[in-house]
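This is a predicted model, so every value here is computed, not measured.
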Amino acid sequence: MSADPTQVLAFETDCHIFDGCGFPAPGLHSFLFEPLWGDGDSNLYFNKTMLLALLGSLVIVGFFWAAFARPKVVPGKFQMIAEAGYDFVRRGIVYETIGKREGEKYVPLMVSLFFFVWMMNLWSIVPLAAFPVTAIISYPLVLAVIVWLTWIILTFKKQGFVGFFKNVTGYDPGIGPVLPLSMTIEFFSNIFVRPFTHAVRLFANMFAGHTLLLLFTIASWYLLNGIGIAYAGVSFVMVLVMTVFELFIQAVQAYVFVLLACSYVQGALAEHH
């Protein structure tokens, strides 16, 4: 293994089975990157994941700008794809969860979240990038906090302080003596646990998926020696299978993240009884 734990490939390219070197299993070092600019010790730097997040944002903005800058009544193929994606989030997620009348104003936010999360996930299978940005917990956590703050603000605005209190504590006098305990648990869950679980759900899936994909990729190269070539072929097939599976999971995770965001908004807008 190299002394540098932050190398892009996260394994030695000249290490194969029967060469006297152990299997370079992926680990936390596979999720660390040297700063492209700045000093990592001073916490003021710019690394690969930040670059991918920036490029992903530019790709999304550029895509929709190109599609809708000069919209046509009879859309071309590019505009049609953009409209289909936008309409999927609007009708398939926002309208179904929040409702058409209340949900229309939140469509831009949810569309932005969906395509940003999806693009950050897709970097995992893009050559040279080969890393899902959302596998770094800080990125999904910031997005989850944005959704959480939106929920807090909307709840205050729609229901007032008393309504907000009932909403976050699950106030229901009908449950009797256990009401104080129930309210404490609900308050802790809504204020502290909700943004954490919202972020971790996305992070954990992308972290695990990238680890498995990296594991089979490294194994394919490591086994490429002598009789191990036969096993390398099997491992490479698994790389292809995992790549296709990751494509599906990446889209599903973007969908689930936005679906939960919409459910939180819907809860803020609903009258508490």
Side-chain angles (χ1 to χ4, degrees), residues 1-2 4-13 15 24-38 40 44-67 78 81-82 85 111-144 199-222 224 235-258:
M1 287 294 290
S2 169
D4 177 15
T6 56
Q7 56 184 304
V8 174
L9 295 177
F11 67 96
E12 285 282 7
T13 56
C15 179
L28 291 179
H29 61 276
S30 307
F31 294 81
L32 301 175
F33 299 94
E34 288 283 4
L36 300 174
W37 171 84
L44 183 61
Y45 62 92
F46 189 81
N47 65 10
K48 178 179 177 178
T49 57
M50 297 174 184
L51 176 61
L52 293 178
L54 177 60
L55 290 177
S57 300
L58 293 175
V59 168
I60 296 168
V61 172
F63 171 76
F64 282 102
W65 182 272
F78 200 50
I81 294 173
V111 169
S112 300
L113 283 173
F114 178 86
F115 283 98
F116 182 79
V117 171
W118 194 14
M119 186 69 241
M120 297 305 102
N121 294 348
L122 280 173
W123 283 125
S124 174
I125 60 171
V126 175
L128 298 182
F131 188 85
V133 176
T134 44
I136 303 297
I137 185 63
S138 56
Y139 293 94
L141 186 58
V142 168
L143 296 177
V200 168
R201 183 179 284 103
L202 173 60
F203 157 73
N205 278 279
M206 299 317 302
F207 184 93
H210 182 66
T211 301
L212 286 173
L213 191 57
L214 190 59
L215 177 66
F216 286 113
T217 301
I218 295 174
S220 298
W221 182 256
Y222 179 72
L224 204 60
S235 183
F236 182 71
V237 170
M238 286 303 301
V239 171
L240 300 179
V241 171
M242 286 300 302
T243 299
V244 174
F245 184 66
E246 274 296 284
L247 275 171
F248 171 72
I249 294 298
Q250 288 159 3
V252 168
Q253 287 306 310
Y255 175 85
V256 170
F257 190 90
V258 174

How far does [atom1] of [X] sit from [atom2] of [Y], to the nearest 0.5 angstrom?
| X | Y | atom1 | atom2 | result |
| --- | --- | --- | --- | --- |
| Ile137 | Met206 | CD1 | CE | 13.0 Å |
| Ile60 | Leu55 | CD1 | CG | 11.0 Å |
| Phe116 | Ser57 | CZ | OG | 4.5 Å |
| Gln250 | Leu202 | CD | CG | 10.5 Å |
| Leu52 | Lys48 | CG | NZ | 6.0 Å |
| Met238 | Leu213 | CE | CG | 10.0 Å |

So, for [X] and [Y], which heavy atoms are closest and what is the spacing to 0.1 Å?
| X | Y | value |
| --- | --- | --- |
| Trp123 | Gly56 | CZ2-N, 3.7 Å |
| Phe203 | Pro140 | CB-CG, 3.8 Å |
| Val117 | Leu143 | CG2-CD1, 3.6 Å |
| Tyr45 | Pro35 | CB-CB, 3.8 Å |
| Phe31 | Ala135 | CE2-CB, 3.8 Å |
| Ala82 | Phe64 | O-CE2, 4.0 Å |

**OP:** Please work out whether the ring planes of Phe33 and Phe131 are parallel, tilted or perpendicular, with thresholds of 30° and 60°.
**Re:** perpendicular
Decide yes or no for [X] and [Y]: does some side-chain heavy atom of the first lie under 4.5 Å from some side-chain heavy atom of the second?
| X | Y | value |
| --- | --- | --- |
| Pro24 | Ile218 | yes |
| Leu54 | Phe46 | yes |
| Met242 | Leu215 | no |

**OP:** Please check if atom CZ in Phe236 has more than 12 non-hydrogen atoms from other residues, nucleotides or ligands closer than 6.0 Å.
**Re:** no
Original post:
How far apart are the C-alpha atoms of Thr217 and Trp221, what are their side-chain angles, what is the distance that settles it, and do they pass the side-chain contact (heavy atoms from CB on, under 4.5 Å) test?
Top reply: CA-CA 7 Å; Thr217 301; Trp221 182 256; over 6 Å; no
**OP:** Run through Val252, Leu122, Asn121 and flag the one making a side chain to side chain contact (heavy atoms under 4.5 Å, CB included) with Leu247.
**Re:** Leu122
**OP:** Report yes or no: does Thr49 contribute a side-chain atom to a donor-acceptor pair with the main-chain N or O of Val133 at less than 3.5 Å?
**Re:** no
**OP:** For this output row, return yes or no: ring centroids of Phe78 and Phe63 closer than 6.0 angstrom.
**Re:** yes
**OP:** Go through Gln253 and Thr134 one step at a time and tell me if the side-chain contact (heavy atoms from CB on, under 4.5 Å) criterion holds.
**Re:** CA-CA 10 Å; Gln253 287 306 310; Thr134 44; over 6 Å; no
